[in-house]
Structures are given as structure tokens and as C-alpha cells.
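All chains are named by letter (A, B, ...) in the order of the sequence lines, taking the proteins before the strands, and each is independently numbered beginning at 1.
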Amino acid sequence: MQVATWNVNSLAVRLPQVLDWLAAHPVDALALQELKLTDDKFPLAAFEEAGYRAAAHGQKTYNGVAILSRAPLRDVVRNITGFDDEQARVISATLDTAEGPLRLVNGYFVNGQEPGSEKFAYKMRWLDALQAQLRAELAAHPRLVLVGDFNVAPEDRDSYDPEGLRETIHHTTAERDHFKALLQMGLTDAFRMFEQPEKSFSWWDYRMLGFQKNRGLRIDHILVSDALKPRVQACTIDRAPRKNKQPSDHAPVVVTLG
DNA sequence: ATGACCAGCAATGCTGGA
């Protein structure tokens with residue numbers, strides 16, 4: 001089976017591209033971020049016609065996440081339990097797949113703008129809360145996948161300019177330590193289980209010909225639990241949608257589980 | 001040297017993204 005993640009930067013604008021992509025890549029589940037729309041505007045019928053069930057957690061203008069799944073969804077949890085948050089950034093669900101239940105946690109991690117800022121402090125608090133949530137989720141659901149836009153480039157090789165951008169947003173030691181903490185609780189970065197091309201990125205700035213010059217970051221990730229790790233067969237970034245007219249600035253990431 | 005793009009909201013200029 002295949003699970004994918006994609007920050008679409010407005011589902012209202014990107015819906016046709018998402019449907020086109022699903023037609024070409026009929027993944028079993030797709031996690032979306034940055035819907036930028038309320039749940040009453042979520043295009044459920046269009047996804048159902050494409051063969052997917054869906055659970056969404058949206059808000060006006062900003063953020064918003066959703067899970068699409070061919071298999072039935074249950075036990076949907078919105079946001080982080082016990083963490084009071086105005087922003088719609090997390091949705092979790094159990095997928096009843098043919099291979100058994102799979103817990104999918106989909107996050108649109110806080111950007112954080114600039115180290116030292118109030119938004120960065122919120123990012124750190126949010127990451128602390130997410131860690132606690134994931135410990136509980138992992139204890140309850142050994143077969144777990146954490147996906148989304150992490151807004152963290154975990155290592156130097158995940159950035160087009162690791163020296164020039166050292167300790168700037170997405171590159172700080174504090175953010176990378178949070179990412180490492182996720183790995184230490186028994187999650188594995190599926191992309192790095194395989195040999196990958198150098199300068200593999202999942203996001204490119206709209207400005208400065210970022211994509212054309214491959215000046216990007218790898219900030220969209222798929223982490224698998226220990227129970228699922230032996231089943232991971234491939235993990236790739238699909239750069240093709242970034243070449244579309246009116247593209248999202250992010251590309252989809254896809255994991256194949258045996 | 002600087003800023004350069006895109007989306008939403010709302011009303012033309014701002015916020016936020018990364």
C-alpha cells in the first residue's frame with residue numbers, strides 16, 4: 001500500500017491538481033496540509049467520487065489538515081489532546097486496511113518565522129505537545145505513520161544552503177533536536193532508509209526561480225514506527241506537480257509499504 | 001545592493017508562508 005503527504009497551499013486553488021495527481025497515483029491514503037478553508041467548504045464529494053473517504057480539520061484562511069483514505073477511517077482525533085490551540089494543525093485517524101489497522105497522524109507543523117520570536121516559542125511548545133501526543137499514540141497503535149509538513153530540515157543535506165542558513169528557521173539546533181526526539185521514540189525517516197539523489201527537496205520558494213535552481217528544503221516527511229519499518233519498500237518525492245501551472249510550493253512525498 | 005512569489009482577505013495593501 002502507499003501513503004502520501006502533500007502541503008497543497010490552499011485546497012480551493014489546488015483541488016484540480018490533487019484530483020489529477022490521485023488519478024495518476026491512486027495511493028491508499030493522502031494526507032493534506034494548508035487547506036486554508038473551513039470544513040463546510042471541504043470538497044468531500046469530489047474526493048468520494050475519486051474513491052476516497054475523508055476526515056478534515058480546517059479553519060478559515062490559515063492551516064487546515066485532512067486525511068483521504070480508500071479504506072474506512074475511524075477514531076479521528078483533531079489537534080493535540082490537552083494542548084489548547086486555536087490553529088488547526090493535526091488530524092489523526094485509524095485506517096482499516098486489508099493489512100490491518102494503520103494509525104495515521106498528519107501534522108502541519110508550526111513554521112516559527114524566526115528564532116527568538118513569539119512564533120518560534122509557539123513552535124517549541126507545539127512540538128513538545130506533539131511529542132507527548134505521539135508517545136501516547138505509539139503506545140496505543142504500534143502500526144503508526146507520522147506524516148506532514150514538519151517545517152524542519154533535519155540535517156544539512158536537507159537544505160540547499162546549510163552553511164548560509166545555519167541556525168535560521170527550519171535549520172536551528174532546537175528544531176532539529178525535536179526531530180531527533182521523534183526518531184528516538186521509535187520513528188524512522190522513511191526517505192532516509194534508501195539511497196536518494198543528492199539535493200532531494202520537498203519545498204522550493206516561489207521566488208528567485210527556487211525550483212528551477214533547485215534551491216529548496218526537505219521539510220515534508222514520512223516517519224514510520226518500528227512495527228512498520230520492515231514493511232517499507234520505497235519512499236520518494238514526486239517533483240512533477242511542482243512543474244504544474246499554479247503549483248503548490250511543496251511536492252508530494254510517497255511511501256510504499258509491503 | 002535589493003527584492004524578486006503566492007494565497008487570503010478585503011478593498012490596494014497588508015499578513016503569513018518558509
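Nucleic acid contact for A/N7: sugar-phosphate only, since backbone atoms but no base atoms lie under 4.0 Å from a heavy atom of the residue. No contact: A/L209 has no heavy atom under 4.0 Å from any strand. At a threshold of 4.0 angstrom between heavy atoms, the contacts of A/R215 with the nucleic acid are absent. When heavy atoms are screened at a 4.0 angstrom cut-off, A/H171 is found touching no nucleic acid atom at all. Using a 4.0 Å heavy-atom criterion, one finds that A/Y160 contacts no nucleic acid atom at all. Among the heavy atoms of the strands lying under 4.0 Å from A/D149 are primed sugar atoms or P, OP1, OP2 only; no base atom is included.
The CD atom of A/E34 sits 13 Å away from the C1' atom of B/dT15 (whole-angstrom rounding). Computed from coordinates, the A/D249 CG to B/dA4 P distance equals 16 Å when rounded to whole Å. Across the protein-nucleic acid pair, A/R14 atom CZ and B/dC6 atom C1' stand 8 Å apart, rounded to whole Å. Atom NE2 of A/H250 is separated from atom P of B/dC5 by 18 Å (rounded to the nearest Å). Per the geometry, CZ belonging to A/R242 stands 13 Å off P belonging to B/dC5, to the nearest Å. What separates CD of A/Q212 from C1' of B/dC5 is a distance of 11 Å, to the nearest Å. B/dA18 atom C1' lies 14 Å from atom CG of A/N63, rounded to whole Å. If you take CD of A/E175 and C1' of B/dA18, they are 10 Å apart, rounded to a whole angstrom.
Comparing the same atom, C1', in B/dG13 and in B/dA1 gives a spacing of 25 Å after rounding to whole Å. Between B/dA4 and B/dG17, the distance separating the two C1' atoms is 15 Å to the nearest Å. Between the C1' atoms of B/dA10 and B/dG16, the separation comes to 16 Å (whole Å). To the nearest whole angstrom, the two P atoms, one in B/dT15 and one in B/dG3, are 16 Å apart. When the C1' atom is used for both B/dA7 and B/dT12, the distance is 15 Å, rounded to whole Å.
Side-chain atoms of A/D189 and A/R218, non-hydrogen and from C-beta on, do get closer than 4.5 Å to each other. The shortest distance between side-chain heavy atoms of A/L11 and A/K36 does not fall below 4.5 Å. Contact annotation: the side chain of A/L30 never approaches that of A/R70 to less than 4.5 Å [non-hydrogen atoms, C-beta and beyond].
For A/K119, whose side chain is taken as the heavy atoms from C-beta onward, the closest listed nucleotide among B/dA18, B/dG17, B/dG8 is B/dG17. In this structure, of B/dC9, B/dA18, B/dG16, it is B/dC9 that holds the atom nearest to the side chain of A/K60. Residue A/Y108 has its side chain nearest to B/dA18 when only B/dG8, B/dC9, B/dA18 are considered. Across B/dA4, B/dC6, B/dA7, the shortest atom-to-atom separation from the side chain of A/Y206 is found for B/dC6. For A/R207, the side-chain atoms get nearest to B/dC5 when compared with the rest of B/dC5, B/dG16, B/dG8. Here the side chain of A/N111 is nearest to one of B/dA4, B/dA7, B/dA18, namely B/dA18.
Residues meeting the ring-ring contact (aromatic ring centres under 6.0 Å, His included) test with A/F47, sequence neighbours left out: A/F42.
In terms of modelled atom types and a separation under 3.5 Å, the side chain of A/Q2 and the main chain of A/V254 share no donor-acceptor contact. A/D205 contributes no side-chain N or O that, together with a main-chain N or O of A/R215, makes up a donor-acceptor pair within less than 3.5 Å.
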### Message
Would A/M185 and A/L138 count as a side-chain contact (heavy atoms from CB on, under 4.5 Å) here? Give the steps.
### Response
CA-CA 9 Å; A/M185 71 174 73; A/L138 272 168; 4.0 Å; yes
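Within the structure, a side-chain polar atom (N or O) of A/Q246 is placed less than 4.0 Å from OP1 or OP2 of B/dA7. Residue A/S10 places at least one side-chain N or O closer than 4.0 Å to OP1 or OP2 of B/dG8.
Residue side chain A/N151 does not reach the base of B/dA18 through any donor-acceptor N/O pair under 3.5 Å, judged by distance alone.
If you find the closest nucleotide of DNA chain B to A/L11 and to A/V110, the one lying nearer the 5' end belongs to A/L11.
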